[in-house]
Number of protein chains: 2
Amino acid sequence: MANASAGRSALSRHLRILSAFNADSAFLTLTQLSRRAGLPLASTHRLVTELESHGLLERNEDKTYRLGVRLWELACCTPGALGLREIAMPYLQDVHAVVGQHTQLGILEGTDVLFLERLSKRNAVVNATLIGGRLPLHASSSGLVLLAHMPSAFVDQIVNDGLFSYTNHTIRSLSELTATLSEIRSRGFVVADGYIHPDARGIAVPVFGANQVVVAAISVVVPNDETPWEATRDILRRAAQQMSLALRSAYLPPRHPQALPGGRYRPLVNSSVKSMEYLGSTARRYSAVPTPRD
Amino acid sequence: MANASAGRSALSRHLRILSAFNADSAFLTLTQLSRRAGLPLASTHRLVTELESHGLLERNEDKTYRLGVRLWELACCTPGALGLREIAMPYLQDVHAVVGQHTQLGILEGTDVLFLERLSKRNAVVNATLIGGRLPLHASSSGLVLLAHMPSAFVDQIVNDGLFSYTNHTIRSLSELTATLSEIRSRGFVVADGYIHPDARGIAVPVFGANQVVVAAISVVVPNDETPWEATRDILRRAAQQMSLALRSAYLPPRHPQALPGGRYRPLVNSSVKSMEYLGSTARRYSAVPTPRD
DNA sequence: TGAATACTTCCGTTCATCGGAATAGTTGCT
DNA sequence: AGCAACTATTCCGATGAACGGAAGTATTCA
């Protein structure tokens, strides 16, 4: 193709457009897309038109665009995430029925927790996570559980990449982190008080797949008050045990020993994309105050 | 690009690869992908490598490919489908808790029902649907409810496109269909006995959004026996009412008056793709016996 | 009504994409 | 082990699809 100034291939352009959407801004105009994707308007127009013709984008009456259901349909065949989700769901529902607070299922993706499912009550405490949302490993209860079972080189990288602080309870040093992680390994759970929001407490336990590999974490978010958490932890533990049992009889592709191609672990999004200022979603999604811009 | 023999653009090639996966075959080798997508092996290799680098595909240890979680992540920002799903979930869970059988949420997509969510019990009766799966409108209880609120031109097209018969109870004529649809409009629900599987009964009711437009259907699949279904229907009705109420206060992009660009309604997948024999998934997914091939 | 902003179409240039062919790796059979 | 059949990967020159500046059209707002 001609003068491909921006992101190399056609695919990366298309993805740059699709990635411009996030939970905060699900409706974008052509111009916004163009700016967010860092592509010329004319090119954006052409790309967007093609994406629409394939059902990856849909058009609203006010001419803004939204992501199309086609995308969702494709995603439904993802075995890595959705196989796990399918199997885990019934148990997650059980936990939710008893605890009645945010209940979530997360996996390690790149250098974040990715939440595959979240069950909520309308009046539950505030919760930072979204389905399909990510949180840094060091700050969330689920993340810590997942991190606890990773090689130390991986932990080091997380620390080097910077430990974002949501509150003044968020873990902010390597020593604090390694202490917490070894405690998790010996005790088999974690209670994170106010790491992300002062009023929220996260409780998480690991879910094991075949040959004792940690494949996911389940967690609940409850108010950060004097309520004892032991009962909740035990419920989580029992659910996780059941899930592990169910998982053992199902084939799921191993995701955890995360390939490290050039010695480094793969970051959450393609580095080429990650580094682009205009994409912004990744870095910004972590900040306490979400600032959607065009 | 050079000698672009097959599907026009780069995007359509990429999509052809991604679409080669379905629930029955979530793991495919390069050669299988090449065959299914109808693309030269070398090209497939190149495309697949790029898709992998963007996280849209992932590689298994045995060198087969699977769809990547990135896809799922993107899909999580789809407001059309997922906004609805988010809002509907709690009520769907309530229904499921009481009924204890397959409970599902479906929307009209192209000329099919697309199921956004399904809650099941391990020991529930057989059920043809999958999350992200489709069923023809005339054959499923959800589909009939959705179809009942569409213009007659749309119904005609469905009939002209052919009414696939799963069992000898499946609706197979225009007259039968229009009779059923008008009954649905006056009664506000449908009971479909053995339309898809002789032992399964579907019960469905419509979910209304703003200004009384039908945006979805919720349904349960129960055994097709002498058990009275009135109680179940009433539970569904009440849940649908609650959903409609919740939906009224949320903005959801209107999906239903389905744009008809050239007089015809848009078929489920790009016509260019649909007509390709080698893709096969669409047509085949409807047949009683799923026949996954390379 | 006029100006600013957003969207769409046009079209000549160009380089990323294309895929045949050759090479390397794997599996299974005798 | 040796061979055959299959699968995956790399190479590379030709070429036309994708590129985006610019000009035209529609919409919004004061």
Side-chain angles (χ1 to χ4, degrees), chain A residues 1-18 20-21 25 27-54 56-66 259 261 270 272-273 276 278 292-294, chain B residues 1-18 20-21 25 27-54 56-66 259 261 270 272-273 276 278 292-294:
Chain A
M1 355 216 105
N3 178 9
S5 64
R8 302 257 68 70
S9 67
L11 180 61
S12 67
R13 284 175 208 282
H14 285 128
L15 276 177
R16 197 120 87 254
I17 302 237
L18 296 179
F21 294 89
S25 33
F27 305 100
L28 297 171
T29 67
L30 185 64
T31 312
Q32 287 176 315
L33 278 169
S34 155
R35 279 211 267 274
R36 288 193 170 211
L39 296 170
L41 189 66
S43 306
T44 308
H45 184 261
R46 190 172 30 76
L47 293 168
V48 151
T49 307
E50 203 188 353
L51 287 167
E52 191 190 358
S53 84
H54 286 277
L56 299 180
L57 284 182
E58 295 171 4
R59 196 124 207 225
N60 302 304
E61 279 164 343
D62 62 357
K63 292 200 168 183
T64 59
Y65 291 91
R66 60 174 187 260
N270 249 349
S272 61
V273 175
M276 310 192 102
Y278 48 74
R293 278 214 338 265
D294 22 307
Chain B
M1 357 217 102
N3 178 8
S5 66
R8 301 257 68 69
S9 67
L11 180 61
S12 67
R13 284 176 207 286
H14 284 129
L15 276 178
R16 198 119 89 254
I17 304 242
L18 295 179
F21 293 90
S25 32
F27 305 100
L28 297 170
T29 66
L30 185 64
T31 312
Q32 286 176 316
L33 278 170
S34 155
R35 279 211 267 274
R36 287 193 172 212
L39 296 169
L41 189 66
S43 306
T44 307
H45 183 263
R46 189 172 31 76
L47 293 168
V48 151
T49 307
E50 204 189 351
L51 287 167
E52 192 190 357
S53 84
H54 287 276
L56 299 180
L57 285 182
E58 296 170 3
R59 196 121 207 227
N60 302 304
E61 278 165 343
D62 61 357
K63 291 201 169 186
T64 59
Y65 291 90
R66 60 173 188 262
N270 249 349
S272 62
V273 174
M276 309 193 100
Y278 48 74
R293 279 215 338 263
D294 24 307

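Order of the sequence lines sets the chain letters (A, B, ...), proteins ahead of strands, with each chain counted from 1. In this text, all values refer to a predicted model and were calculated from it rather than measured experimentally.
Which of dT9(D), dC19(D), dC18(C) sits closest to the side chain of Leu30(B) comes down to dT9(D). Side-chain atoms of Arg35(B) lie closest to dT7(D) of the nucleotides dC18(C), dT7(D), dT8(C). Looking at the side chain of Pro40(A), the nearest of the listed nucleotides dG21(D), dT9(D), dC18(C) is dG21(D). Nearest to the side chain of Arg13(A), among dT17(C), dC7(C), dG20(D), sits dG20(D). Relative to the side chain of Ala10(A), the nucleotides dT17(C), dT9(C), dT10(D) differ in distance, and dT17(C) lies closest.
Whole-Å rounding puts the Lys63(B) NZ to dA24(C) P distance at 15 Å. Rounded to whole Å, atom P of dC19(D) lies 9 Å from atom CG of Leu39(A). What separates NE2 of His45(B) from C1' of dA24(C) is a distance of 12 Å, to the nearest Å. Rounding to whole angstrom units, CD of residue Gln32(A) and P of dA6(C) are separated by 9 Å. Rounded to an integer number of Å, the gap from Arg46(A) CZ to dA18(D) P is 8 Å. Glu52(A) has its CD atom 9 Å from the P atom of dT8(C), to the nearest Å. Nucleotide dT17(C) holds its P atom 14 Å from the CD1 atom of Ile17(B), rounded to whole Å. The separation between Leu47(B) atom CG and dT9(D) atom P is 14 Å, rounded to whole Å.
Contact annotation for Thr29(A): backbone-only contact, meaning every heavy-atom pair under 4.0 Å involves sugar-phosphate atoms and none involves a base. At the heavy-atom level, Leu41(B) lies under 4.0 Å from base atoms of the strands shown.
Separation of atoms NE2 (His45(B)) and CD (Glu50(B)) is listed at 12.5 Å; rounding is to 0.5 Å. To the nearest 0.5 Å, atoms CG (Leu30(B)) and CD1 (Ile17(B)) are separated by 8.0 Å. Here the CG-NE2 distance, from Leu15(B) to His14(A), works out to 9.0 Å after rounding to the nearest 0.5 Å. The OG atom of Ser25(A) sits 3.5 Å away from atom CZ of Arg36(A), with the distance rounded to the nearest 0.5 Å.
For dC7(C), one of the phosphate oxygens OP1 or OP2 lies less than 4.0 angstrom from a side-chain nitrogen or oxygen of Thr31(A).
Here the shortest heavy-atom pairing between Glu52(B) and Tyr65(B) reads OE1-CE2, 4.0 Å.
Both Leu11(A) and Tyr65(A) lie near DNA chain C, and the one whose nearest nucleotide falls closer to the 5' end is Tyr65(A).
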